[in-house]
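Quick caveat: nothing in here was measured; it's all calculated off a predicted structure.
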Amino acid sequence: MRLNKYISHNTKYSRREADKLIEEGEVTLNKKVLKDFGYEVEEGDHIYVKGRPVKQTKEVTVIVYNKPKGVLVTKKDDRGRATIYHKLPGKYRHFVPVGRLDYASEGLLLLTDSPEVATALMESSLDRTYNLKIDKSVTQEMINAMQEGLVLEDARAGAHEKSKIYSMEFAPFVQFEIRAEGKNFTKLRVTITEGKNRELRRFFAHFEAKVLDLKRVAFGGIELNNLPTNKTRYFTRREYDDLHKFMKRRKSNAEIEAKNKANALKQEAKKSETSKKISKKD
């Protein structure tokens, strides 16, 4: 793991602050000052910040946080806006968020002290369920796209003005339900398997519908339920058991994939060698 990321994930410092500490010579490796920003921390390395050892957590801790609106999922904002780390207790300063909820969105956000777990959950196709409100009625066109998926060459509508993501592919929704309809609004509950940048806002913006409210209520079987806004809770024993099973399956699948790739490369090498031999005979 890259040095600044290692420091950020295991201490109270952000990556930017870690970079500054490295630059100022406050970071040491095996008692020698380390100023290599690109250094990859290896097992057995003893990293110190300001003379204090950076301890890598072995036990995984995961919390559920009910993120309020108007708060950024980042450690520091250049414009001085509030972040989740301003709201969370200091003991969670080094926790990594599993994906993001944008500034205007609220609801369930998982945070963990394990970068490996955070990455695994972010990259997964686990269900994400949202309650949302749009400013118009649901059309048949929208329903078709929710059922069949959608590919947009220009998906900038609904995106952040500084976003560099232009095109986007939307997988079919796992499930959707119209929960209430009015003259100028519709309330829906939708379940998707991806967590792309402002995915739902972009999706509905394509149909000229603005998302007025967006709240995540579940992620991979973890539910928000009655957790109050801006409050946290630890995973239950069952949730930890499910997480361990998920990580075990992921590791097993990765090993199988690696073996299959290695076997495919061997087969290609054999074919190539056979072709060379045939060519020589000819």
Exercise. Any donor and acceptor pair, going by atom type alone, linking the side chain of D36 with main-chain N or O of G38 inside 3.5 Å?
Worked result: yes
For this session: Only pairs at least two apart or in different chains count here, so list each ring pair (Phe, Tyr, Trp, His ring centres under 6.0 Å) that has a residue in residues 213-240.
Result: F235-Y240
Problem set entry | Test item: Q267 side-chain N/O and A264 main-chain N/O as donor-acceptor pair under 3.5 Å | no
Exercise. Looking just at side-chain N and O atoms, do R202 and S163 make a donor-acceptor pair shorter than 3.5 Å?
Worked result: yes
Problem set entry | Contacts of type side chain to side chain donor-acceptor pair (under 3.5 Å), residue R201, not counting sequence neighbours | D102, S105
Exercise. Between R216 and Y130, do the side chains contain an N or O donor and an N or O acceptor separated by less than 3.5 Å?
Worked result: yes
For this session: Report, as yes or no, whether the 6.0 Å neighbourhood of atom CD on E208 holds more than 12 heavy atoms from other residues, nucleotides or ligands.
Result: no
For this session: Run the numbers on K261 and E257 for salt bridge (charged side-chain N to carboxylate O under 4.0 Å, His left out), then give the verdict.
Result: CA-CA 6 Å; K261 280 183 181 178; E257 190 178 340; 3.7 Å; yes
Problem set entry | Side-chain donor or acceptor of Y92 paired with backbone N/O of T232 under 3.5 Å | no
For this session: Sequence neighbours left out, what passes side chain to side chain contact (heavy atoms under 4.5 Å, CB included) with L212? Give chain and number order.
Result: K133, D135, K210
Exercise. Measuring from T11:OG1 to E17:CD, what's the distance to the nearest 0.5 Å?
Worked result: 8.5 Å
Problem set entry | Side-chain donor or acceptor of R198 paired with backbone N/O of R156 under 3.5 Å | no
Exercise. Can a donor-acceptor pair be found between the side chains of D45 and Y6 at a distance below 3.5 Å?
Worked result: no
Exercise. With no hydrogens and no angle check, do the side chains of T191 and T129 hold a donor and an acceptor under 3.5 Å apart?
Worked result: yes
For this session: Spell out, as yes or no, whether a donor-acceptor pair under 3.5 Å connects the side chain of T112 to the backbone of A118.
Result: no
For this session: Return yes if some donor-acceptor pair links the side-chain N/O of S8 with the main-chain N/O of K5 below 3.5 Å, else return no.
Result: no
Exercise. Are the side chain of D213 and the backbone of L132 linked by a donor-acceptor contact shorter than 3.5 Å?
Worked result: no
